[in-house]
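Everything on this sheet refers to the single structure shown next.
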Amino acid sequence: MRLLESTDTKKRLSGDSSSSHGGGSRLFLRRQLKDIGRGGLAMVRRKLSDLVLMLLALPMVLLVRLLRPLVKIRTGGLQSERIGHFAANTELYLCERDAGMYGKRAVDLFYHYTPICNQQLRKMWDRTLKVSIIAKWMDRTNHWLPGGKANLIPKSTYGDRDVLGFLDRTPPHLEFTKEEESAGQAALVNLGIPGAAEFVCFHSRDSSYLNSTIPENDWTVHDFRNTTSQNYVRMASEMGNRGYRAVRMGAEVTEKLDADNPMIIDYAANGSRTDFLDIYLSARCRFFICNTSGLYAVALIFRRPLLYVNYLPLEHVVTYNRTALFIPKKLWLRKENRFLTFRETFDSGAGNFHDTIEYEQAGLDVVEDSPEEITAAAIEMDERLKGTWKTDEDAEELQKQFWSIFKTSDLHGRIVSRIGTDFLKQN
């Protein structure tokens, strides 16, 4: 996700991000003039308001710099507009900070980028971190003035990727209050998940969320990541046969599931979806079946096991969580009427394509995982977690062969995840 959404991380959709430190006032002024040219008088009024707030923050910024020999007071924004980054980047930064990677004599003051994607997650971070709107104006002023790098909150070293393996060996930084836990349990019953019944969550990414929340952007660059929700129904039915409720997640969806099964709960489309339940369900599921859409990161930071299906690009698969299992989408080479092999995917550079047009220009069709492939991977995930999964020498040899050709990079540390056994045998 870090590279897939590089456009968003470089330029804040809300306009809250400041020019990068060290770019100097020229870059800052150039951007202001460009904004005014687009926004006219209304933008002038907004810029003047911003300038007043930055001037009011100036004495605090100067005081903070004077205090550096005693304590570093740092400011920085939380990536609150995209749930994957809001969850994972924040959690991983805190893991790294707890490990002493960013110094001990420091106080971090955060603020939120807007629009905030989930109010429950905001509430939980607000009671865990020091969050203040004042930090926003201190941060912007500090960016504008030379010499303030030491007072900026560092970014998580690897963004939203747990390359250093913190999540497998540390507890979550977030927890629910007693009142929230009671509300969550009551909501589960209302959804049709009684008492101690276990459930799995699954999420099929489509274009509806981004198109509805940020319609001014062209999101076709991410079309290769979209999936067909109906392809998950067979898996959900199998999970029901195994005693789980299967909960379909999503803030915005294009269509309801065509499934007449009381064990399948179309939470995303049945009118019961809330910000609170998005977080609570993700945090309390047995495991989460996902692809590259950011909601999976909530389950990740609560240390829930993750099954990634329909994953692309292949070089970005999650390799650093012991309980993680994945199967990728396949790439069909049109001119030769066949699928690319894994080795060809890596050697051709297609394993790192993160724009729909790149696949098109390479003559590649992106092929979704079939209902049978998704179901087989979910069965393996369930049985591995229960300790009943049985492997054999051929399967282990295929794993070794796959990882021997896997193209590593700074996106990966120690590889401890696995590719789905049945998928590997068939492909």
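Each residue takes its place number in the sequence, starting with 1.
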* With sequence neighbours left out, write down each residue that passes salt bridge (Lys or Arg N to Asp or Glu O under 4.0 Å) with Glu336, or none if nothing qualifies. =>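 Listed in chain order: Arg338.
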* Qualifying residues under salt bridge (Lys or Arg N to Asp or Glu O under 4.0 Å), relative to Glu198, sequence neighbours excluded ->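 Checked Glu198 against salt bridge (Lys or Arg N to Asp or Glu O under 4.0 Å); zero matches.
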* Would you call the rings of Tyr93 and Phe110 parallel, tilted or perpendicular, where under 30° means parallel and over 60° means perpendicular? ->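 If you compare the ring of Tyr93 with that of Phe110, the planes turn out perpendicular.
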* Side-chain heavy-atom pair Met138, Asn142 within 4.5 angstrom cut-off ->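 Met138 vs Asn142: side chains apart.
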* Is Leu300 close to Leu306 at the side-chain level, that is, under 4.5 Å between some pair of heavy atoms? ->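 Contact flag for Leu306/Leu300 side chains = yes.
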* Asked: Any sub-3.5 Å donor-acceptor pair from Gln79's side-chain atoms to Tyr113's backbone N or O?
  ->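 Flag not set: sc Gln79 to bb Tyr113 has no pair under 3.5 Å.
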* Taking Glu180 for the side chain and Thr177 for the main chain, is one N or O donor matched with an acceptor at less than 3.5 Å? ->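 Checked: pair present.
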[atom1]/[X] to [atom2]/[Y] distance, rounded to the nearest 0.5 angstrom?
X      : Y      : atom1 : atom2 : value
Leu121 : Asp278 : CG    : CG    : 10.0 Å
Leu295 : Cys290 : CG    : SG    : 8.5 Å
Lys390 : Thr421 : NZ    : OG1   : 14.5 Å
Leu145 : Leu58  : CG    : CG    : 6.0 Å
Asp422 : Ile379 : CG    : CD1   : 9.0 Å
Thr141 : Lys136 : OG1   : NZ    : 11.5 Å

Are the aromatic ring centres of [X] and [Y] under 6.0 angstrom apart?
X      : Y      : answer
Phe406 : His412 : yes
Tyr308 : Tyr296 : yes
Tyr320 : Phe166 : no
Phe288 : His203 : no

Report, as yes or no, whether the 6.0 Å neighbourhood of atom [atom1] on [X] holds more than 12 heavy atoms from other residues, nucleotides or ligands.
X      : atom1 : value
Lys72  : NZ    : no
Arg414 : CZ    : no
Ile415 : CD1   : yes

* Carboxylate-amine/guanidinium proximity below 4.0 Å for Glu175 and Arg127 ->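 The answer is no: the pair does not qualify as a salt bridge.
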* Asked: Could you go step by step and tell me if Phe86 and His112 meet the ring-ring contact (aromatic ring centres under 6.0 Å, His included) rule?
  -> CA-CA 9 Å; Phe86 195 20; His112 293 288; 5.7 Å; yes
* In chain order, what residues pass the side chain to side chain donor-acceptor pair (under 3.5 Å) check against Asp382, with sequence neighbours excluded? ->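 Asp382 satisfies side chain to side chain donor-acceptor pair (under 3.5 Å) with Arg242, Tyr244, Lys386 once adjacent residues are dropped.
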* To do: Can you sort out the partners of Phe276 under ring-ring contact (aromatic ring centres under 6.0 Å, His included), two or more places apart, ordered by chain and number?
  =>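 Phe276 satisfies ring-ring contact (aromatic ring centres under 6.0 Å, His included) with Tyr280 only.
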* To do: For a side-chain contact (heavy atoms from CB on, under 4.5 Å) with Ile289, tell me which candidate from Arg248, Met235, Met381 qualifies.
  =>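 The option that passes is Met235.
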* Under the ring-ring contact (aromatic ring centres under 6.0 Å, His included) criterion, do Phe423 and Phe326 qualify, and how do the steps go? -> CA-CA 9 Å; Phe423 185 92; Phe326 73 89; 8.5 Å; no
* **Any pair counted as salt bridge (Lys or Arg N to Asp or Glu O under 4.0 Å), so long as it reaches residues 104-119, sequence neighbours left out** =>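 Every pair satisfying salt bridge (Lys or Arg N to Asp or Glu O under 4.0 Å) with a residue in residues 104-119: Arg74-Asp108, Arg97-Asp108.
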* To do: Please collect all salt bridge (Lys or Arg N to Asp or Glu O under 4.0 Å) contacts where either partner lies in residues 282-299, sequence neighbours excluded, each pair once.
  =>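 Passing the test, one end in residues 282-299: Glu181-Arg284.
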